[in-house]
> 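Quick one: the structure is below, questions incoming.
Residue numbers start from 1 in every chain, and the chains themselves are labelled A, B, ... in the order their sequence lines are given, proteins ahead of strands.
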Amino acid sequence: MPHRREGIEIFARKPTAVVAGAVFAAFGLSACEGPQSAFGATGADAIQLETLFIVMLVGAAILWVAVNGLFFYVTRVHTTSISRRLANGVIIGGGIGLPLVVVTALLVYGLSIMPDQRAEGDGLVVKVTGEKWWWRTEYQPLAGAPVVSANEIRLPTGSRTTFELTSERVIHSFWIPKLGGKMDMFPGRTTVLTLEPVTPGIYRGQCAEFCGESHALMAFKAVVMEPDAFDAWLEAEAAPIQADPQAPGAEIFFGEGCGACHALRGTQANGAVGPDLTHLATRESLAAAALPMNREALAKWVRNPETYKPGVKMPAYDHLSDEELDTLAGWLMELK
Amino acid sequence: MTRRENVERQEFAEERASLWKLTLGPVTWAVHFAASYSLTAVWCAKLAAPQDDITLLRLIIGAGTIVALVVILLFGLSAWRQWNYTQTGRATHAFGDAENRHEFLGHAATLLCGVSFIGTLYTAIPVLVIGSCT
Ligand SMILES: [Cu+2]
C-alpha cells in the first residue's frame, strides 16, 4: 500500500509542477522582448552585460548539474558502498576542485570587464536631474551652448555619451536596460554614467529607485539616432519655440499662468518648476512616459494631472471648458 | 579529582596553544583582506585620480599577497604535521583522547589554511585585471 500512496502523490504533484513551469517559462519569455528588456541589448554596455549573464548562467548550470549529478550518482545510481578513493574523489573533485575552477574562471572574467563598464565618455555630455516625477535634461555638445529639455533622452550612435546625474529632493535611479546598467541619482551629488548605443531605435528608461507615489510612472523614452540625425535634432531643440505665440491656444497658456512653472524659450514663460515645454510635441511620450503624446492625452493631462500621476506637482485646470482645453492642447501639439 | 582527570586536564592545557594555531590561517587571510581594501580605498581617495594608472598599488598588493600566501602555506604545513596523516592515516578522530585532540586540531587547522589560501587568492584577483580606480 505505501507504494500506491507514493504513486498517487507523485501523480498529484505533477500538474502543479507543469503549471508552475509553464508560468515561469511564460514570464521568462515575455521578459525577453519589449523596449525595456535587458535582453536583445542595443548598447555596448548592455551587450556586455547580456554576455556576462549568459556566461554566469552557463557556469552556474555546469556547477549545478555536476554537483547534483555526483550527488545523484552516489545516492541513486551507485547505492552500494563505494571505495574510499572514489568517495574522496567525488567529494574533493566535485565539491572543491570543480567549484574552484568554475568560480575562479567566472570571477576573472567578471572582473576583467568591469573597467569597460566605467569607460570614459568621448562625446556629448547630458546632465539629467531626477525630479518628482520627471527628468530635467541639459545637453552639452562638444561644440556649442547647452540645450535644455526634459522627459526624453536622445543619443547618437557611434560615441560614448556621458551622463552627469543628480537629483532634486529624493534618490532616483537612471536606467535604460537596453543600453546599459543603472546609476542612482542623489540630491547634492553628481554621479556619472557613460553609455555607447549601437543600434538606432526607441527604447524605454525607468526610474529604478522608489521615489514616492508616482515612482512607477517616472519613465522616459530613449531615442537612439544616427549621428547626423541627432545633430539635426539637437539644432532644432536649441531653437526657440516654433508655434505662434499669439494663437488662441497660446493666450490660454499665458493667461492661465502655465509660464510660472514651464519655460517656452523665446517667450516670457521662463518657469523652471516643471519641464521645459519649448519642443514638447517632438517628444515620443507625455509626462515622463505616463501618457502618449497626442492632443487628447494633453487635454486630459492639463484638466487633471493627478488622475494620471498621484502626487503630481502640477495643479488641475478643470475650470477650463472642453473647447478651451482642446484649443490649448492643439497649440501645445504645435510646439515642435 | 582523580589522577586520571588531572592528567587529562594538563594535556588539555597543553592543547591550548594549538587551539590558537587554528585561527592563524584565517587571521592571515583577514589581515590581507583588510590591508588590501583599506590601502586601495585610501590610494583611490587621496592619491590617484579616477583614470590614473595604479601599477604601483597593484604591485604592492601583489607582493603582500605573495607574503600572505607563503605565511598561510607555512602555517598549513605545521598544521599538516600536527595532523600527522601520513603516519597514522587517520582522517577521523573518534576517541577524544589527548592524541586524538591533537591530531584533530591539526586536521582542522590544515583545512582552514586551505580555505584561507583560496580566499586570499580571490581577494587579490582584481589587481590582475583592474588598472585604474574606476
Ligand atoms: Cu524616481
> Between atom CG of B:L111 and atom CD1 of A:I96, what is the distance when rounded to the nearest 0.5 Å?
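The CD1 atom of A:I96 is 7.5 Å from CG of B:L111, to the nearest 0.5 Å.
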
> Indicate yes or no: at least one non-hydrogen side-chain atom of A:L100 is less than 4.5 angstrom from one of B:Y122.
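Sidechains of B:Y122 and A:L100: in contact.
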
> Using a 4.5 Å cut-off on heavy atoms from C-beta on, say whether the side chain of A:T104 contacts that of B:I125.
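They are in contact (side-chain heavy atoms under 4.5 Å apart), so the answer is yes.
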
> When you look at CD of A:E168, are more than 12 heavy atoms from neighbouring residues, nucleotides or ligands closer to it than 6.0 Å?
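Result for CD/A:E168: enclosed.
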
> Can you give me the closest heavy-atom contact between B:V129 and A:P115, atom names plus distance?
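In terms of heavy atoms, the two residues are closest at O-CG, 4.2 Å.
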
